[in-house]
Number of protein chains: 2
Amino acid sequence: MRLTTKGRFAVTAMLDLAMSESDKPLTLAGISERQAISLSYLEQLFSRLRKQGLVKSVRGPGGGYQLAKAQHEISVSHIIAAVDELIDATQCGGEENCHGDEGRCITHDLWASLNSKILTYLSGITLADIVNDQRGANKKASCEQSQQVVFGPRKTRTAEVLS
Amino acid sequence: MRLTTKGRFAVTAMLDLAMSESDKPLTLAGISERQAISLSYLEQLFSRLRKQGLVKSVRGPGGGYQLAKAQHEISVSHIIAAVDELIDATQCGGEENCHGDEGRCITHDLWASLNSKILTYLSGITLADIVNDQRGANKKASCEQSQQVVFGPRKTRTAEVLS
DNA sequence: CAATAATTGACTAAATTACTAGGTTATTAT
DNA sequence: ATAATAACCTAGTAATTTAGTCAATTATTG
């Protein structure tokens with residue numbers, strides 16, 4: 001399980017879909033504009049999301065994308081796994097290079113254990129959870145109050161507007 | 001908070017240190033061999049880990065690295081934050097592009113909220129937790145506390161094996 | 001038919017990852 | 001002292017991933 005900006009884009013786009021009150025499909029062009037993600041990049045992401053059965057598409061005028069399942073059935077881990085290439089956590093491949101010396105793979109197992117914990121955690125968070133959480137605990141959503149991570153040196157590299 | 005192979009390398013290397021019974025420092029060459037990570041790459045990672053105060057170094061023969069704190073004081077999020085560049089979660093930079101239309105930044109906030117929850121979760125898992133968990137000798141399950149529900153109702157979905 | 005919007009594929013710049021090479025210091029053992 | 005050790009540092013580089021462009025095609029609607 002990786003957690004990169006690519007997955008963040010996908011989650012953000014899916015949240016955009018989830019928050020739509022309309023039962024009509026939303027166009028990628030609209031998502032692109034609202035979330036400031038390039039249209040072509042969204043096309044790549046939604047190609048994977050569709051193949052994984054997370055969204056369904058409607059072609060032609062009035063078309064677009066809709067969630068293929070209920071919000072509470074789509075977890076964050078589903079979305080991230082759909083757009084990320086999956087890599088094997090163990091460098092040794094799991095079998096071959098390990099039996100030689102005993103200590104070799106212990107930390108691999110430790111990481112795998114942690115990894116599955118993270119995966120379990122993220123698979124327990126659905127689109128419905130996030131949307132409800134936001135609607136309940138928020139009265140005035142604006143950008144100013146987006147909480148920042150409080151670790152390490154905050155370099156506050158202000159994101160350039162990369163439209 | 002990003003979760004990449006780079007962070008995984010760092011966590012793996014720190015686990016290697018954590019599992020050492022010896023009170024003597026461990027060399028990067030040893031970690032490199034045991035964990036199959038290139039020595040020079042480890043040097044880069046440990047340079048950051050040292051500057052963040054997670055490890056301490058001893059130079060010269062018999063030297064190497066040791067944890068700078070107790071195992072239960074070093075969380076996974078500390079390690080990952082130490083080696084990763086931190087990026088701004090909001091694309092708009094926080095101010096400029098947002099006030100125009102209201103819907104623009106809602107999902108940004110949603111993501112930021114999710115992001116901080118992941119961070120909270122990972123900061124609740126320490127090296128001691130992972131090592132104890134692996135040794136099977138844990139009755140405390142200190143990860144359980146941070147696993148308590150932050151969102152709404154949670155369906156404990158078993159993690160699919162995709163990593 | 002014309003406009004819309006998904007779908008596909010090939011291609012590219014930029015960034016990040018993972019690693020190599022070659023040095024310099026500080027410390028220990030001989 | 002000196003030689004070996006191992007951290008520390010700088011620069012570069014190949015491979016991969018990210019993020020995006022461009023150009024076509026296909027299906028649907030009006």
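The figures here come from the full heavy-atom set of this structure, side chains too, leaving out hydrogens, waters and symmetry mates. Model, not experiment: these values are computed from the prediction. Numbers restart at 1 for each chain; the letters A, B, ... are given by sequence-line order, proteins then strands.
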Asker: Going by the rule side-chain hydrogen bond (donor to acceptor under 3.5 Å, both in side chains), which residues pair with A:Arg50 if we only count those two or more places apart in sequence or in a different chain?
Answerer: none
Asker: Can you sort out the partners of B:Asp84 under side-chain hydrogen bond (donor to acceptor under 3.5 Å, both in side chains), two or more places apart, ordered by chain and number?
Answerer: none
Asker: Would you indicate, yes or no, if D:dT18 has its OP1 or OP2 atom less than 4.0 angstrom from a side-chain nitrogen or oxygen of A:Thr4?
Answerer: yes
Asker: Identify the pairs formed between an N or O of the protein and an N or O of nucleotides 12-15 of chain D at a distance under 3.5 Å, and give each distance.
Answerer:
none

Asker: Take the protein atom CZ of A:Arg48 and the nucleotide atom C1' of D:dT18, then report the distance between them rounded to whole Å.
Answerer: 12 Å
Asker: Please list, chain by chain and in numerical order, all residues satisfying side-chain contact (heavy atoms from CB on, under 4.5 Å) with A:Ala18, sequence neighbours excluded.
Answerer: A:Leu67, A:Gln71, A:Leu127, A:Val131
Asker: Heavy atoms from C-beta onward define the side chain here; which of C:dC19, C:dT8, D:dT18 lies closest to that of A:Arg50?
Answerer: C:dT8
Asker: What integer distance in Å separates A:Tyr65:OH from C:dT7:C1'?
Answerer: 7 Å
Asker: Just grab all the side chain to side chain donor-acceptor pair (under 3.5 Å) pairs involving residues 19-29 of chain B, residues at least two apart or on different chains.
Answerer: none
Asker: Hey, does A:Ser38 reach any base, or is it just sugar-phosphate, or nothing, if we go heavy atoms under 4.0 Å?
Answerer: sugar-phosphate
Asker: Please give, in whole Å, the distance from D:dC8 P to B:Leu49 CG?
Answerer: 11 Å
Asker: To the nearest Å, how far apart are B:Phe46 CZ and D:dA6 C1'?
Answerer: 13 Å
Asker: Could I get a table of every N or O pair under 3.5 Å where one atom is in the protein and the other is in nucleotides 26-30 of chain C?
Answerer:
unit_1, atom_1, unit_2, atom_2, d
C:dA26, O4', B:Arg59, NE, 3.3

Asker: Using the test side-chain hydrogen bond (donor to acceptor under 3.5 Å, both in side chains), find all partners of A:Ser47 that sit at least two apart in sequence or belong to another chain.
Answerer: A:Lys51
Asker: Check DNA chain C against residues 20-32 of chain B and give the residues with a non-hydrogen atom under 4.0 Å, in numerical order.
Answerer: none
Asker: Quick one: list whatever passes side-chain contact (heavy atoms from CB on, under 4.5 Å) with A:Gln44, sequence neighbours left out.
Answerer: A:Tyr41
